> 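If you scroll down you'll find the structure; I have some questions about it.
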Amino acid sequence: MSTLAKQTSVVKAVRGTRDLLPPETALWNHVESVARAVFARYGFGEIRTPIFEDTQLFARGVGEETDIVSKEMYTWEDRARAQSEKSQSLTLRPENTAGVVRAYIEHKLGERGDLQKLYYIGPQFRRERPQRGRYRQFWQIGVEVLGPISSGAESPIRDAEVLEMLATLLDELGIKGWRLELNSVGSATDRPRYVAALREALAPVKSRMCEDNQRRAETNPLRVLDSKAPEDQHIINALPKIADFLDDASREHFAAVLAALDACGVAYTVNPRLVRGLDYYTRTTFEFTVPDGSGLGTQNALLGGGRYDGLSEMLGGPKAPGIGFAIGEDRLILILEEQATGTGEPVAAQKLDAYIAPMGIERNAAALALARELRRAGLSVEVGDGTFRLKKSFEAADKVARHIIILGEDELATHTATVKTFATGEQVKIAQTELQSLLR
RNA sequence: GCGGCUAUAGUUCAGUGGCAGAACGCCGCUCUGUGGCAGCGGAUGUCGUGGGUUCGACCCCCACUAGCCGCCCCA
């Protein structure tokens with residue numbers, strides 16, 4: 001540590017943020033490339049929206065009363081730069097659906113007439129208390145399917161397609177033991193009717209419930225449904241079910257989603273208590289969870305999503321029903337690391353194809369030239385240094401590569417190379433032109 | 001935002017009111033073109049930060065910060 005660092009305080013990553021380093025970043029890249037490949041097969045294109053937006057977007061889209069908007073956003077007043085300019089309240093995006101719908105409206109994507117299938121991968125920001133699987137800057141991989149009514153955006157087949165795609169993605173990533181839970185929260189008019197009924201039903205019984213649930217019964221009755229308090233379950237089970245408050249259209253829509261899932265063999269559980277925290281959700285809502293011990297601690301929700309048929313209008317846009325989800329990428333990575341190692345440790349780095357060990361500094365230039373040739377041919381190669389003793393080269397090579405290529409005076413004179421394969425211990429001296437086929 | 005637990009070497013962790021420890025890892029030598037094993041040697045660090053108690057604090061007390069766990073919420 002330098003003298004300077006001892007005297008002054010060290011600047012660290014701020015609470016709830018973190019650096020992602022190799023080799024772990026290789027896993028992130030893997031996850032993202034699998035996701036992109038799957039999305040492409042379903043006809044999705046990538047959208048990249050700004051990392052900060054007008055605060056109004058989230059206030060109106062996500063909902064003023066939600067925890068996210070009321071206490072978890074990073075918001076600041078962006079000062080005016082000139083007399084003619086007004087200052088503006090800006091916010092780091094706490095989620096990406098509102099931004100995507102804003103872009104849909106702004107670029108009049110609905111005028112294109114066809115269904116818009118968009119995906120995004122990027123950081124989101126919420127000022128929450130950090131925990132395992134919960135960070136203040138976290139990454140989401142999400143998709144949105146939306147469009148005018150005539151594009152079929154409201155059709156239950158879209159819901160089922162999105163869910164089936166998720167099942168495929170999680171399977172391809174190798175996530176084990178996931179469960180899909182889904183529910184219908186009804187239309188924009190169904191939900192308030194249900195909440196009113198819930199309040200009414202809770203009024204006479206809430207005094208017999210735990211402290212948390214008494215508070216929820218006042219502030220957010222839907223939350224009572226999530227309660228895990230064992231002593232309150234008999235009361236909760238007797239509360240009205242949202243299914244009884246759905247209008248005919250919503251009921252039929254949900255039934256069609258389930259039928260389509262059955263048809264393509266995606267397993268699910270209908271959870272009448274599943275409610276979500278964002279105001280824009282309508283009709284189908286869902287969550288994919290993993291079992292305890294999967295690496296997430298108490299944050300067992302890997303992803304969540306649902307339909308948002310009125311969101312575009314709430315943001316001043318045209319009618320554009322849609323459905324989407326967001327995967328917690330940080331959580332996905334935690335699960336994969338837990339599965340890979342059983343300990344939650346980061347996975348080991350992938351080894352390079354070869355390590356070139358020049359014997360003596362006079363061989364350095366030739367080693368770099370050979371490396372260039374192999375690298376241009378698509379091989380992954382590290383180059384040592386001629387000042388290293390051969391033993392040191394071996395130790396360094398074994399850590400990072402599958403083969404060591406020894407380049408000494410003899411080899412250079414005869415255009416050959418000595419190659420040893422670490423896994424087998426076999427060593428051969430071959431023409432340099434044969435290297436590529438040997439190393440692959 | 002509230003409560004609990006924790007913070008010692010690069011890593012994982014012991015430890016005691018009186019000289020700072022182990023394992024693994026790292027560096028060197030045994031060993032100038034053949035590693036993984038072994039032997040010998042070496043460096044690890046303001047004991048999270050700042051105060052307080054004490055002759056003396058890594059240890060006791062307080063505050064702060066951070067991580068983890070629970071609540072809340074969510075991805």
Side-chain angles (χ1 to χ4, degrees), chain A residues 1 3 5-7 9-10 12-18 62 66-72 94-97 122-142 210-213 215-216 219-220 222-223 226-229 274-278 281 286-290 296-305 324-335 343-346 355 357-360 363 384 386-401 403-411 418-423 425-427 429:
Chain A
M1 194 179 281
T3 309
K6 281 181 180 173
Q7 287 170 351
S9 61
V10 177
K12 296 189 293 186
V14 307
R15 183 168 167 79
T17 71
R18 60 203 181 125
V62 177
T66 61
D67 279 23
I68 292 176
V69 172
S70 65
K71 49 192 193 198
E72 296 176 0
E95 58 96 59
N96 219 330
T97 299
Q124 317 293 335
F125 306 84
R126 292 181 200 172
R127 197 181 178 289
E128 294 182 275
R129 181 116 172 199
Q131 268 181 40
R132 185 173 185 80
R134 195 171 83 179
Y135 309 97
R136 288 181 168 187
Q137 175 175 338
F138 60 101
W139 289 70
Q140 287 189 333
I141 300 176
C210 72
E211 216 172 293
D212 273 345
N213 280 331
R215 181 177 37 74
R216 287 165 170 154
T219 59
N220 193 347
L222 289 172
R223 287 272 146 232
D226 293 330
S227 169
K228 289 161 199 114
L274 180 70
V275 292
R276 317 228 75 246
L278 284 62
Y281 284 117
F286 56 88
E287 218 169 71
F288 281 69
T289 59
V290 288
L296 292 189
T298 52
Q299 315 295 323
N300 72 339
L302 168 60
L303 69 93
F325 63 78
I327 303 173
E329 189 175 4
D330 308 75
R331 294 182 182 180
L332 198 54
I333 299 284
L334 283 172
I335 294 166
T343 60
E345 292 295 307
Y355 180 100
M359 302 305 303
R363 254 65 72 179
T387 60
F388 291 179
R389 293 215 316 238
L390 190 58
K391 173 183 163 113
K392 180 168 173 174
S393 292
F394 262 88
E395 288 171 350
D398 194 25
K399 278 180 198 156
V400 301
H403 303 275
I404 183 169
I405 300 175
I406 300 163
L407 268 196
E409 208 173 346
D410 309 348
E411 286 88 351
T418 299
V419 180
K420 187 160 186 174
T421 305
F422 287 117
E426 283 172 32
Q427 181 168 319
K429 191 167 183 178

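Since we're looking at a predicted model, the values are computed, not measured. The sequence lines fix the lettering, A, B, ..., with proteins before strands; numbering per chain opens at 1.
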> Measure distances between side-chain N and O atoms of A:E72 and base N and O atoms of B:G1, and say whether any donor-acceptor pair falls under 3.5 Å.
no

> Describe the nucleic acid contact of A:D398 in one word from base, sugar-phosphate, nothing, applying a heavy-atom distance below 4.0 Å.
base

> NA contact type, A:Q427, heavy-atom cut-off 4.0 Å: base, sugar-phosphate, or nothing?
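If one applies the 4.0 Å heavy-atom cut-off, A:Q427 turns out to touch a base.
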
> Just to be sure I understand the rule, does A:T66 reach a base, reach only the sugar-phosphate, or reach nothing, if contact means heavy atoms closer than 4.0 Å?
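No contact.
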
> Syn or anti: how is B:C60 classified when any glycosidic angle within 90° of 0 counts as syn?
anti

> Between B:G67, B:G36, B:C74, which one does the side chain of A:P130 approach most closely?
B:G67

> Determine which nucleotide pairs with B:C2, using a 3.5 Å limit on both distances of a Watson-Crick or G-U wobble pair.
B:G70

> Once you apply the 3.5 Å cut-off to both distances, tell me the Watson-Crick or G-U wobble partner of B:C29, or none.
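For B:C29, the partner nucleotide comes out as B:G39, under the 3.5 Å rule.
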
> When the P atoms of B:U8 and B:C58 are considered, how many whole Å apart are they?
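Each nucleotide's P atom is 15 Å from the other's.
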
> Under a 4.5 Å cut-off applied to non-hydrogen side-chain atoms, are A:H403 and A:K420 in contact?
no

> Hunt down the Watson-Crick or G-U wobble partner of B:U34, both distances under 3.5 Å, from any strand shown, or write none.
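Per the H-bond distance test, none.
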
> What is the nucleic acid contact for A:E287, judged by heavy atoms within less than 4.0 Å: base, sugar-phosphate only, or nothing?
nothing

> Is any side-chain heavy atom of A:I404 closer than 4.5 Å to one of A:V419?
no

> Go through B:C31, B:C69, B:C73 for me and flag the one nearest to the A:R389 side chain.
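In terms of side-chain proximity for A:R389, the closest of B:C31, B:C69, B:C73 is B:C31.
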
> For A:G328 and A:G425, take the nucleotide of RNA chain B holding the closest heavy atom to each; which residue's nucleotide lies nearer the 5' end?
A:G425

> Return the nearest nucleotide to the side chain of A:R132; candidates are B:C69, B:U34, B:G33.
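Shortest atom-to-atom distance from the side chain points to B:C69.
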
> Could you tell me whether A:F422 contacts a base, only the sugar-phosphate backbone, or nothing, with contacts defined as non-hydrogen atoms closer than 4.0 Å?
base

> Considering residues, nucleotides and ligands other than A:E409, do more than 12 of their heavy atoms fall under 6.0 Å from its CD?
no

> Both distances below 3.5 Å, Watson-Crick or wobble geometry, any strand: find the nucleotide opposite B:U53.
none

> Determine which nucleotide pairs with B:A7, using a 3.5 Å limit on both distances of a Watson-Crick or G-U wobble pair.
B:U65

> Less than 6.0 angstrom from the centroid, inside 45 degrees of the normal: does A:K392 satisfy that with respect to the ring of A:F388?
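Satisfied, under 6.0 Å and within 45°.
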
> How many whole angstroms separate atom CG of A:L296 from atom C1' of B:C74?
12 Å

> So what does A:G408 touch, heavy atoms closer than 4.0 Å: a base, only the sugar-phosphate, or nothing?
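If one applies the 4.0 Å heavy-atom cut-off, A:G408 turns out to touch a base.
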
> Sub-3.5 Å donor-acceptor pair from the side chain of A:R136 to the main-chain atoms of A:E128, do we have one?
yes

> Base, sugar-phosphate, or nothing: which does A:G142 touch, judged by heavy atoms less than 4.0 Å apart?
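No contact.
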
> Once you apply a heavy-atom cut-off of 4.0 Å, does A:E395 come out as touching a base, just sugar-phosphate, or nothing?
sugar-phosphate

> Relative to the 5' end of RNA chain B, which residue comes earlier, A:K399 or A:I406, by the nucleotide with the nearest heavy atom?
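It is A:K399 whose nearest nucleotide is closer to the 5' end.
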
> Go through B:C73, B:C72, B:G35 for me and flag the one nearest to the A:R223 side chain.
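Between B:C73, B:C72, B:G35, the one nearest the side chain of A:R223 would be B:C73.
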
> Atom NZ of A:K12 and atom P of B:A66: how far apart are they, to the nearest Å?
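Rounded to the whole Å, the gap is 8 Å.
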
> When all nucleic acid strands are considered with a 4.0 Å heavy-atom cut-off, which category describes A:L332: base, sugar-phosphate, or nothing?
nothing

> Ignoring hydrogens and angles, answer whether the base of B:G3 and the side-chain atoms of A:R129 contain a donor-acceptor pair closer than 3.5 Å.
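Such a pair exists between side chain and base.
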
> Could you check whether A:R127 gets within reach of a base, just the sugar-phosphate, or nothing at all, counting any heavy atom under 4.0 Å?
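Touches sugar-phosphate only.
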
> For B:G28, take OP1 and OP2 only and decide whether either is under 4.0 Å from a side-chain N or O of A:K392.
yes

> Less than 4.0 angstrom between a side-chain N/O of A:R15 and OP1 or OP2 of B:A66, yes or no?
yes

> For A:Y135, report the nucleic acid contact type (base, sugar-phosphate, nothing); a contact means any heavy atom under 4.0 Å.
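It contacts base atoms.
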
> Could you tell me whether the side chains of A:T418 and A:E411 share a donor-acceptor contact shorter than 3.5 Å?
yes

> Does A:R134 contact B:C72 through a side-chain donor or acceptor facing the base, at a distance under 3.5 Å?
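Yes, the side chain and the base share a sub-3.5 Å donor-acceptor pair.
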
> Using the six-membered ring of A:F138, assess whether NZ or CZ of A:R126 lies under 6.0 Å from its centre and within 45 degrees of the ring axis.
no

> Could you tell me which nucleotide pairs with B:U12 by Watson-Crick or G-U wobble geometry, both distances under 3.5 Å, or answer none if nothing does?
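Check on B:U12: paired to B:A22, both distances under 3.5 Å.
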
> Could you check whether A:F138 and the base of B:A75 form a stacked pair, meaning centres closer than 5.5 Å and planes differing by less than 30°?
yes

> What does A:D410 touch in the nucleic acid at a heavy-atom separation under 4.0 angstrom: a base, only the sugar-phosphate, or nothing?
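Base, at least one base heavy atom under 4.0 Å.
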
